There are 2 protein chains.
Amino acid sequence: MKSKITITEIAEKSGVSVSTVSRVLNNSPSVSPKKRERIQQVIDEYGYTPSIFARGMINHKTKNIGVILPDITNPYFASLFLQVESFALKNNYATLLFNTMFSRNADRYDETIAEEDYFKIILEKQVDGVLILGGQIDKEDVPASFVEALNQLHRQVPVVIMGSKIEGCSCLFVERNLKQGVTSLAHHFIALGHERIGFVGGEPGIRITTSRIEAFTQSMKALGQTVQPSYIVPSDYYAPDGYEAMIQLLDSNSDRLPTAVIAMNDMVAIGALRALKDRGLSCPEQIAIASCDQFQQSDYSIPRLTSMDQHNDYLGRMAVLQLISAINGSDETISLNHSPELIVRESCGAANKR
Amino acid sequence: MKSKITITEIAEKSGVSVSTVSRVLNNSPSVSPKKRERIQQVIDEYGYTPSIFARGMINHKTKNIGVILPDITNPYFASLFLQVESFALKNNYATLLFNTMFSRNADRYDETIAEEDYFKIILEKQVDGVLILGGQIDKEDVPASFVEALNQLHRQVPVVIMGSKIEGCSCLFVERNLKQGVTSLAHHFIALGHERIGFVGGEPGIRITTSRIEAFTQSMKALGQTVQPSYIVPSDYYAPDGYEAMIQLLDSNSDRLPTAVIAMNDMVAIGALRALKDRGLSCPEQIAIASCDQFQQSDYSIPRLTSMDQHNDYLGRMAVLQLISAINGSDETISLNHSPELIVRESCGAANKR
DNA sequence: TTGTAGGCGTTATCAT
DNA sequence: ATGATAACGCCTACAA
């Protein structure tokens, strides 16, 4: 591998001092146009790139940010991350990605590193900021030790968390609207004449699950409907979880099935759809389905899924914006302005079939 | 943000010289146990971490690798990357991820950076190695200028490409077995008694598409079957593409439909399934489907998808292994030993329904 | 086993 | 507008 050329050599080859070269490198105005041009030419010719190491020694910046999330394989995180990465790059930040695999099925992976350990690793990488997209922060009760770890991390480098504010945590937060989606869905179903509505998916003890179930219950009550506890079956966020939850819901209510079910997200909905099929139930005719969080292929499932578009792209970009402004020393909180949007397709039974 | 403590301060606080501290930092044996312990204690107490900048000035290593792929939102790349990231981390390398968005629908994104430009950016990040998982390298005819860019990059830092060897390219390659999957599928269908078999999906001009279509045609011929050209409809790799391709296949062969269709991957298959449904055709009864590349939810679609498990986990880890060994100066090529595995489910019509 | 000192490639400060 | 030079934090001969 080629040994890199240094600023000193560039200076020699262009017959100036290193300071002058440094000036053109950093767009300092006080360089005569002719010299600037000559130096730039030499730089290009040799393909010179300043050493981030030497630079870092001075300004302590890497222009890298660290992103921590549980599992990039999850379409929710993938779509969020895609925005984060490209938006960050547009602002000259590159992105270090860490999958913590924090989840119930973490045991699929031989050796799970604790989320706190990632903080140490990421700190050693000397990133300019950290973005946390999910994991322990989503817990209903975040362990005090974890909050402490977060605070300690934030003392070293700006930390932005995509999620609900955590008591006693000094990091910056970008808060999603957790409830509005379910509420819209409940209203939608009720407007369609449903009275027996269920809810499947979401890991118990996780904020988004609790919030959504709560919002679901609330809006049902507000509209004078009762909610059968056995109609609510949390599990987790993936297709197998939706499948199991739906099977359980069906089996424990075989005498009086719901006519509509809200799923935590599209993967859960797909599992649920599968469960209905396996039980010989048709969707939407016998049981309608809708999901709170739309992923890529909602438009191609059988039946097509009615879901909420949570505008994750927007959220991802906002999170980066917040992080960059924090890196640049601003302490102002960026406020979000997003409402999930109902996308009606076939599975809720409201659309005319194609 | 807290100013970091330096090795000098650690030395002072433990009453030794910086070199001794440096020795314990680098596990040099020649330090007396008592001093070593005392120093370690001070290090822990102050949470000292050596500056990667200062270190990098000496050894020119970041312990970071760069990964370039088109779109992390694509389950194929996501599952590959997950393995790459966690396996790299296990070997003390962190991962910088870049989505080039190289694809036909790249126009969805406002401002597309050319893949070559990523090379420059990634080089400036001073990564220890680069892993390329997809993009232009997958083209049937890689532009000479791109090969040149690859070679130039490889001159600076080890580059491992996940894909077929490119003429004139000096990078290291980890080659997947592109054809075996389709061949198995073709044999499977023929064994089930199918004679009219089609193929949908894959972008034309991309190696994997060409190879698979070629392998498909070959094995059909070898088994004495003819292949109707109109039964082969490439398009792209996502669900909408599978949908369109299948619609086109059906419309242009309405007098004599195939009885089985091989899809490029699971997303394409899901689109194809949707197309069948919309045309009132049942799967697998009227047209059977199978896919060459299994993704996460094959087990939950309606019907469940018969697919090939390409063992992407294994491939991802091998690629990292190859990269790390190259970083460490080895020039030996790691050879792969993987065969895609047929997973029979419902869509091919071979399984007994559950 | 331990300490001293030089150098890695930049930027910043201070002269000129 | 330009140049000399001192940091920056660490590693590594070399010396003791």
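Everything numeric here is computed off the predicted structure, so don't read it as measured data.
- Of the candidates B:Gln41, B:Glu9, B:Lys13, B:Tyr46 forms a side chain to side chain contact (heavy atoms under 4.5 Å, CB included) with just one, namely B:Lys13.
- Within the 4.0 angstrom heavy-atom criterion, only backbone atoms of the sugar-phosphate kind lie near A:Asn26; the bases stay farther away.
- Residue A:Ser19 places a side-chain atom within donor-acceptor reach of the base of D:dA4, judged by atom type and a 3.5 Å distance cut-off alone.
- Contact annotation: A:Lys35 side-chain N/O to D:dT2 OP1/OP2 distance is under 4.0 Å.
- Between B:Gln126 atom CD and C:dC8 atom C1' the separation is 13 Å, expressed in whole Å.
- Residue A:Met57 contributes atom CE, which lies 13 Å from atom P of C:dT11 at whole-angstrom precision.
- Rounded to a whole Å, the CG atom of A:Asn27 is 13 Å from the P atom of C:dA12.
- To the nearest 0.5 Å, atoms CD1 (A:Ile324) and OG (A:Ser330) are separated by 12.0 Å.
- Rounded to whole Å, atom C1' of C:dG9 lies 9 Å from atom NE2 of B:His60.
- Put simply, CD1 on A:Ile10 is 14 Å from C1' on C:dT10, counting in whole angstrom units.
- Residue contacts for B:Ser22: at a heavy-atom cut-off of 4.0 Å it reaches a base atom on one of the strands shown.
- Relative to the side chain of A:Ile58, the nucleotides C:dT11, D:dG3, C:dG3 differ in distance, and C:dT11 lies closest.
- For the pair B:Phe53 CZ and C:dG9 C1', the interatomic distance rounds to 13 Å; values are reported in whole Å.
- The side chain of B:Ser32 contributes an N or O atom lying less than 4.0 Å from OP1 or OP2 of C:dT2.
- When the side-chain nitrogen and oxygen atoms of A:Ser17 are compared with OP1 and OP2 of D:dG3, one or more of them lie within a distance under 4.0 Å.
- Computed from coordinates, the B:Ile52 CD1 to C:dG9 P distance equals 17 Å when rounded to whole Å.
- By the 30° and 60° cut-offs, the orientation of the rings of A:Phe119 relative to A:Phe146 is tilted.
- Here A:Arg55 reaches the OP1 or OP2 of C:dT11: one of its side-chain N or O atoms lies under 4.0 Å away.
- Among the protein residues, B:Ser30 comes within range of the nucleic acid bases, having at least one heavy atom under 4.0 Å from a base atom.
- Annotation: of the two residues near DNA chain C, A:Val18 and B:Val18, the 5′-most nearest-nucleotide partner is B:Val18.
- With a 6.0 Å radius and a threshold of 12 heavy atoms from other residues, nucleotides or ligands, A:Asn328 has its CG atom above the threshold.
- The distance from the CZ atom of B:Arg176 to the CE atom of B:Met162 is 7.5 Å, given to the nearest 0.5 Å.
- One can place CZ of A:Arg23 at 12 Å from P of C:dT13, the figure rounded to the nearest angstrom.
- Mapping B:Gly15 and A:Ile7 onto DNA chain C by nearest heavy atom places B:Gly15 at the nucleotide closer to the 5' end.
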